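Reviewing the structure listed below.
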Amino acid sequence: MYTPTTISRVDTSNAIGLFDSGIGGLTVARAVHKLLPQESIIYFGDTAHLPYGDKSTAAIQAYAIKICNVLLQQNCKVILIACNSASVAAYDLVKEYVGSRARVMNVIDPMINYIGQVHSKQKVGLIGTKQTIQSNVYKKKVDELKAGIQLQSLATPLLVPMIEEDFFRNNIREGIIEAYLSREELNQVKALILGCTHYPLIKPSIQNYYKNAVEILDSSEIVAQSLKGLLEMHNLTNKSGKVFQKFYVSDFTQSFETSTKLFFGQHVHLEHYPLWE
Ligand code: DGL
């Protein structure tokens, strides 16, 4: 849920800044671009420090502040933390740090609002990195809804490397997915939250596992909808007709650039932007 704060006067043609531990957050950027093609995007992938899912909270917070400085220097009107692990570890700190300089969003609150509306009194599953699951942030937020939702969480750390290594197009994928989803923790769920930016890429396999009997909740689409609402509510929609996209990474390799097509749906050019010089 957003807490309205007084924000300094902004040029509405300024970009939406998104950041993630790497290129997985491009699934969120893709959903944002699809729903809001009139908006400019500046994306920062902290490829020098991925994965965030195994890092300490303190480390993720330090990276997040560095990245926010980059996005603020580029006058982003909204900073969207397009990573579950960073949303868990650094959202409160980033919001405080950014203050009135930009709106700040995470990928968790829009999902919590959605399940509060659609899945009250039901058993809902959540899969994500160790950082996301062990933090218990989803559980706390769900309990605050007081909607009678029983959240069943499971850390699924093998899924990110499996997707990154492109092992999600063969039967190893099905075996790993089945091994996780058949665990007792996820028994009888009515919906499953994909609590990691990489997981939309394996949504069809997950749907297949559940034979379409469980709603698979892809946060990228829900987050994009929520961003649209935020822009409209605060008159921040870009009406200038000028649109640009920039994609930065803190460490450049050719394989990151090649993988962008997988996550963003089209090839993008990555610019190297070292965080510590
Ligand atoms: N982007 C991270 C997330 O959504 C997954 C990858 C990582 O562990 O850095 O949790």
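Note that ligands are numbered from 1 as they come in the structure, with each ligand's atoms numbered from 1 the same way. The structure displayed is predicted, hence computed values, not measured ones.
Below 30°, between 30° and 60°, or above 60°: for F44 and Y248 the angle between ring planes is between 30° and 60°, a tilted geometry. Using cut-offs of 30° and 60° on the angle between ring planes, the pair Y43 and F247 is tilted.
For the pair E39 and K228, the salt-bridge criterion is not met [side-chain N within less than 4.0 Å of a carboxylate O].
A donor-acceptor contact closer than 3.5 angstrom links the side chains of Y199 and T156.
Within 4.0 Å of ligand 1, the residues that place a heavy atom are D20, S21, P51, Y52, G53, C83, N84, S85, T129, C196, T197, H198, listed by chain and number.
Partner of I133 under the side-chain contact (heavy atoms from CB on, under 4.5 Å) criterion, out of S153, P157, C196, S85: S153 alone.
Rounded to the nearest 0.5 Å, atoms CZ (F256) and OG1 (T47) are 4.5 Å apart.
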